[in-house]
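Here's the structure we're looking at; comments come further down.
Throughout, a chain's letter reflects where its sequence line sits, starting with A, and its residues are numbered from 1.
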Amino acid sequence: MEQDYLNKIEKVSIPDSLLEGIKNKIETKRITEKRNGNYALVFAFALLFVNAGTLTTYNNTKNSNKANQEVNPFSINESTFIGYE
Amino acid sequence: MKNEKQFLEIYNEFSQLVYNLSLSYLQNIEDSKEATQDVFVKIHTKLEGFNNKSSLKTWIYRITINHCLDVIKSKNRKYRLFFTRENEDYDSKDFNHPGAKLESKEEMEKIFREINKLPEKQKTALILKTIEGIPQKEIATVMKMNEKAVESLLTRARKKLKEKL
């Protein structure tokens, strides 16, 4: 029974406006992908700068710590020896 | 530019096939229009990667079938989110097939409601064979199966429909 009905389904012609809709969707997709690509690029650069900044800060801190640990004989003053007498 | 020309040729040759196949799966004009548009956007995107391993027609059949099945799954998921009754799918409530004649519309709706309940592969085999009128050998190629497996799917699908109707 179902076969008889299903065989009777007529082929429908395609609506005219469809191609225009497809072109619009393709264009929208292209713009979105381009925008996403730009965002990704900006994000990558931002990440690069942040990383570079963090590294510089780390290096500066490391150098400054190292410098603090070194004893400068000329900076020793009398107060350093208080309590040793 | 060459691709655009090729794309338009493909559209002119296959748009009716894609639209009618979408109608067989979705049974709704608006959903089928949307699906046809999405299928052609996919074809446009993937055209460069098409490697002629299968024929263009088979490739388009596969894209359309997969897309329609995805649409149905997504609609059912959304529907079940709000209405939790099992075995009741959104797609069976929205019948609007322009190819169905008015006098047989009610019967047709009943048949499609049962077709929609079939497992995906049985449904695909039945639609391709009975509505689209594709030879069994071609169905086997589209579904990446051998002919005997397609025959078995068709037999099971018809048996289930006979029991229900």
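Taking CD1 of A/Ile14 as the reference point, atom CG of B/Leu23 lies at 9.0 Å (rounded to 0.5 Å). B/Phe112 contributes atom CZ, which lies 3.5 Å from atom CD1 of A/Ile9 (distance to the nearest 0.5 angstrom). The structure places CD1 of A/Ile22 at 7.5 Å from OG of B/Ser15, a figure rounded to the nearest 0.5 Å.
B/Gln37 approaches A/Gly21 most closely through the heavy-atom pair NE2-CA, 3.5 Å. When all heavy atoms of A/Leu18 and B/Tyr11 are compared, the closest pair comes out as CB-OH, 3.6 Å. Considering every non-hydrogen atom in both B/Pro98 and A/Val12, the closest pair reads CG-CG2, 3.8 Å.
Proximity to chain A (any heavy atom under 4.5 Å) is shown, for B/Ile131, by both the backbone and the side chain. Proximity to chain A (any heavy atom under 4.5 Å) is restricted, for B/Ile115, to the side chain, taken from C-beta onward. Residue contact with chain B, scored on non-hydrogen atoms closer than 4.5 Å, involves the side chain of A/Lys29 exclusively. In this structure, chain A has no heavy atom under 4.5 Å from any part of B/Ser24. With a 4.5 Å cut-off on non-hydrogen atoms, B/Ile29 does not touch chain A at all.
Residues B/Phe7 and A/Ile26 are in side-chain contact: their nearest non-hydrogen atoms beyond the backbone lie under 4.5 Å apart. With contacts defined as side-chain heavy-atom distances shorter than 4.5 Å, the pair A/Ser13/B/Tyr19 does not qualify. Using a 4.5 Å heavy-atom threshold, the side chains of A/Lys25 and B/Glu34 count as touching. Looking only at side-chain heavy atoms (C-beta outward), B/Glu132 and A/Lys11 come within less than 4.5 Å of each other.
No more than 12 heavy atoms of other residues, nucleotides or ligands sit less than 6.0 Å from atom CD of B/Glu48. Around NZ of B/Lys121, the count of heavy atoms belonging to other residues, nucleotides or ligands within 6.0 Å does not exceed 12. By the 6.0 Å contact criterion, CD on B/Glu106 is open, its count of non-hydrogen atoms from other residues, nucleotides or ligands being 12 or less. For A/Asn59, the CG atom sits in a packed shell: over 12 heavy atoms of surrounding residues, nucleotides or ligands are nearer than 6.0 Å.
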